[in-house]
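Here is the structure we will look at, set down as structure tokens.
Computed from a prediction, not measured in an experiment: that's the story for all the values here. Atom set for the values below is all heavy atoms of this structure, side chains included, hydrogens, waters and symmetry mates excluded.
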Amino acid sequence: MSNDNIIRGVLAAWISDEVGELAVVGELRRTSAGYSRENWVFDANWGGVTHDLIVRRDPLGSVLNTDRRVEVAVLEALAAGPVPVPRIRWTDLGGVRLGRPALVMDLVPGVCDGFVLNGPRPLRERVALAHSLYDHLAALHTLDTSRFPLPAPEGQIALAAVDHWERELSQVALDPQPELALVFAWLRANAPAVSRTCLVHGDFKPGNALLDGHGWSAVLDWETAHIGDPHEDLGWVTNPLRQREHRIPGAWEPEDLLERWSSRTGWTVDPAAVHWWQVLANAKLAVIVATGARAFVEGRLDRIHQAPVRIHQLLLDQIGA
Amino acid sequence: MRPTVSEQLSGAARLLSEVVGPEIDDPYVGDVLAGVVTTLELLAEGWTQVAAFLVWDIEATRRVLELVGVEDLPAAGDPLDVAALQNRHTRVRALLERAMPDVGAHPEARTAVAALFRERADRYPIPTRPWRGPVADTTR
């Protein structure tokens with residue numbers, strides 16, 4: 001029996017238990033999107049109605065070690081808006097059904113295109129898409145954090161982030177990383193103070209949103225969400241390494257994004273903090289690459305990761321080394 | 001030695017891309033195959049420079065470590081024994097990683113290590129390409 005047929009059978013049994021009647025799973029296929037989760041889209045029929053669904057399962061190996069419970073908690077808290085998110089149907093955090101933690105959600109219509117802002121659509125349309133996407137970022141930042149059952153950050157947020165990613169690196173690196181030791185030392189020496197906390201998405205980008213026609217139908221991939229400094233997301237979305245995803249040259253530059261975010265939130269942007277979080281973003285990306293490299297070498301990931309020398313070069317520039 | 005290692009690697013990439021690829025309907029498998037083809041192409045382009053790079057990096061790293069008084073450093077050794085070179089390379093990089101606090105506090109070493117990191121990125125033998133991300137997925 002093929003892997004897809006096994007998954008299909010398990011999903012049919014799972015859904016039948018949940019809805020209390022026989023459910024039949026029809027077409028099912030694994031999607032190529034999603035580097036930190038295994039995703040299958042499928043349709044299931046029960047009660048005479050066909051439902052379009054997606055199941056997300058923790059992989060054996062990934063580029064990112066995250067907690068499924070965080071994603072569920074945030075999605076449930078955001079179900080009432082204002083940021084559009086997929087509706088969770090059922091969760092299996094213990095991994096009883098599919099061997100690893102998994103959740104079933106409604107399949108939201110739309111296309112996942114990480115480079116849509118620099119795609120073939122007319123400039124005016126792309127700028128409008130940028131406005132509406134990053135307005136979602138501003139909206140989630142201004143939500144009352146008490147809505148989210150997430151731990152409050154302890155101590156100095158910026159230094160805690162450095163501790164976290166340095167610890168991750170020590171656990172996953174296949175070989176020594178003196179470049180990152182230099183960068184982490186710079187991050188420690190220059191850590192900004194935090195003026196406010198909010199819900200941070202952690203991986204906000206066009207590729208983590210669904211586009212349905214001319215509008216965004218959902219913001220996805222909340223497994224890295226946490227309570228933190230809004231400058232963390234601002235550094236992530238203005239990171240020069242990711243400019244093909246976030247910028248439209250001459251029409252939607254980082255300063256445009258920050259100005260619009262500031263007007264939407266009513267908060268002032270600290271440029272030094274944005275820069276610091278850009279450096280942290282690239283250190284984090286280097287750790288993510290190291291995580292993927294280890295998972296590949298150990299046979300747990302189907303993608304090959306080369307040493308991130310381009311990220312090292314950019315980091316050296318960013319810290320003035 | 002024909003076909004050379006480079007010819008075999010790039011030829012294997014061509015076979016996967018032109019013969020196997022068109023037969024694949026599953027977008028996930030197609031995405032994985034594209035990654036394999038890219039890696040074979042990168043290896044075909046860069047593998048001949050790996051030994052020379054390891055020798056250079058070991059010696060350049062040794063010079064930085066000597067500035068902060070680290071001794072008993074492994075030399076590059078036989079440039080034709082790539083496995084041994086790899087081991088010595090890992091050892092000397094681990095010494096540098098541990099010495100970074102001392103390097104950071106030593107002005108000459110700090111300048112030297114930044115220059116080393118920049119040059120090794122330029123010399124890195126397996127070329128990297130900008131990550132373009134997965135293709136648009138209409139059914140995600």
Side-chain angles (χ1 to χ4, degrees), chain A residues 4 29-35 38-41 52 54 107-116 119 173-182 184-186 189 205-207 210-211 220 241-242 244-245 285 289 302-317 319-321, chain B residues 25-40 42-43 46 61 64-65 86-87 89-101 103-105 110-111 113-140:
Chain A
D4 280 359
R29 74 172 184 83
R30 186 171 178 180
T31 74
S32 62
Y35 276 69
E38 295 175 352
N39 299 326
W40 286 268
V41 295
D52 293 325
I54 181 169
L107 183 66
V108 178
V111 176
C112 176
D113 183 354
F115 298 91
V116 66
L174 291 169
D175 56 2
Q177 303 282 330
E179 290 88 347
L180 293 184
L182 180 70
F184 282 125
W186 183 92
K205 57 186 178 183
L210 289 179
L211 190 57
L220 308 171
L241 191 74
R242 312 291 289 267
R244 284 192 61 249
E245 297 164 76
L285 286 171
V289 171
D302 300 334
R303 292 180 172 92
I304 304 167
H305 291 263
Q306 299 290 342
V309 291
R310 285 177 185 273
I311 299 177
H312 291 166
Q313 286 173 313
L314 176 57
L315 280 166
L316 292 169
D317 291 341
I319 67 173
Chain B
D25 295 325
D26 186 315
Y28 175 76
V29 177
D31 193 43
V32 171
L33 182 68
V36 172
V37 169
T38 298
T39 299
L40 289 172
L42 297 176
L43 290 173
T61 304
V64 173
L65 286 167
Q86 193 85 54
N87 287 335
H89 183 253
T90 301
R91 281 171 54 202
V92 80
R93 292 264 293 166
L95 288 169
L96 179 60
E97 186 181 62
R98 281 201 292 276
M100 283 311 292
V103 170
R110 196 169 59 229
T111 302
V113 84
L116 164 65
F117 289 159
R118 287 183 183 280
E119 188 167 353
R120 86 179 293 278
D122 288 338
R123 287 173 176 256
Y124 197 77
I126 309 299
T128 55
R129 294 178 184 169
W131 182 76
R132 302 183 69 83
V135 294
D137 191 323
T138 56
T139 57
R140 183 179 175 180

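- Taking chain B as the reference chain and counting heavy-atom pairs below 4.5 Å, the highest number among A/Asp52, A/Leu241, A/Ile319, A/Val309 is found for A/Val309.
- The shortest heavy-atom contact between B/Ala114 and A/Ala321 is CB-C, 3.7 Å.
- When heavy atoms are compared at a cutoff of 4.5 Å, B/Leu96 approaches chain A by way of both its backbone and its side chain.
- Put simply, OG1 on B/Thr38 and CZ on A/Arg303 are 12.0 Å apart, with the number rounded to the nearest 0.5 Å.
- A 4.5 Å side-chain heavy-atom check between B/Pro27 and A/Thr31 finds every atom pair outside the cut-off.
- For chain A, the nearby part of B/Arg120 is the side chain; its heavy atoms alone come within less than 4.5 Å.
- For A/Phe184, there are no ring-ring contact (aromatic ring centres under 6.0 Å, His included) partners, not counting sequence neighbours.
- When the candidates B/Ala34, B/Gly35, B/Ala94 are compared by the number of heavy-atom contacts under 4.5 Å with chain A, B/Ala94 comes out ahead.
- Contacts between A/Glu179 and chain B at a heavy-atom distance below 4.5 Å involve backbone atoms as well as side-chain atoms.
- Distance check, rounded to the nearest 0.5 Å: CG of B/Leu43 to CD1 of A/Ile304 gives 8.0 Å.
- Distance check: B/Arg118 CZ to A/Asp317 CG gives 4.5 Å after rounding to the nearest 0.5 Å.
- Looking at B/Tyr124, the atoms closer than 4.5 Å to chain A (heavy atoms on both sides) all sit in the side chain, from C-beta outward.
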(Q) side-chain contact (heavy atoms from CB on, under 4.5 Å), that's the test. Do B/Asp122 and A/Gln313 meet it? Break it down for me. (A) CA-CA 9 Å; B/Asp122 288 338; A/Gln313 286 173 313; 3.0 Å; yes
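- Annotation: side chain of A/Arg30 is not in contact with side chain of B/Val29 (no heavy-atom distance under 4.5 Å).
- The choice from B/Met100, B/Glu97, B/His89 that makes the most heavy-atom pairs within less than 4.5 Å of chain A is B/Glu97.
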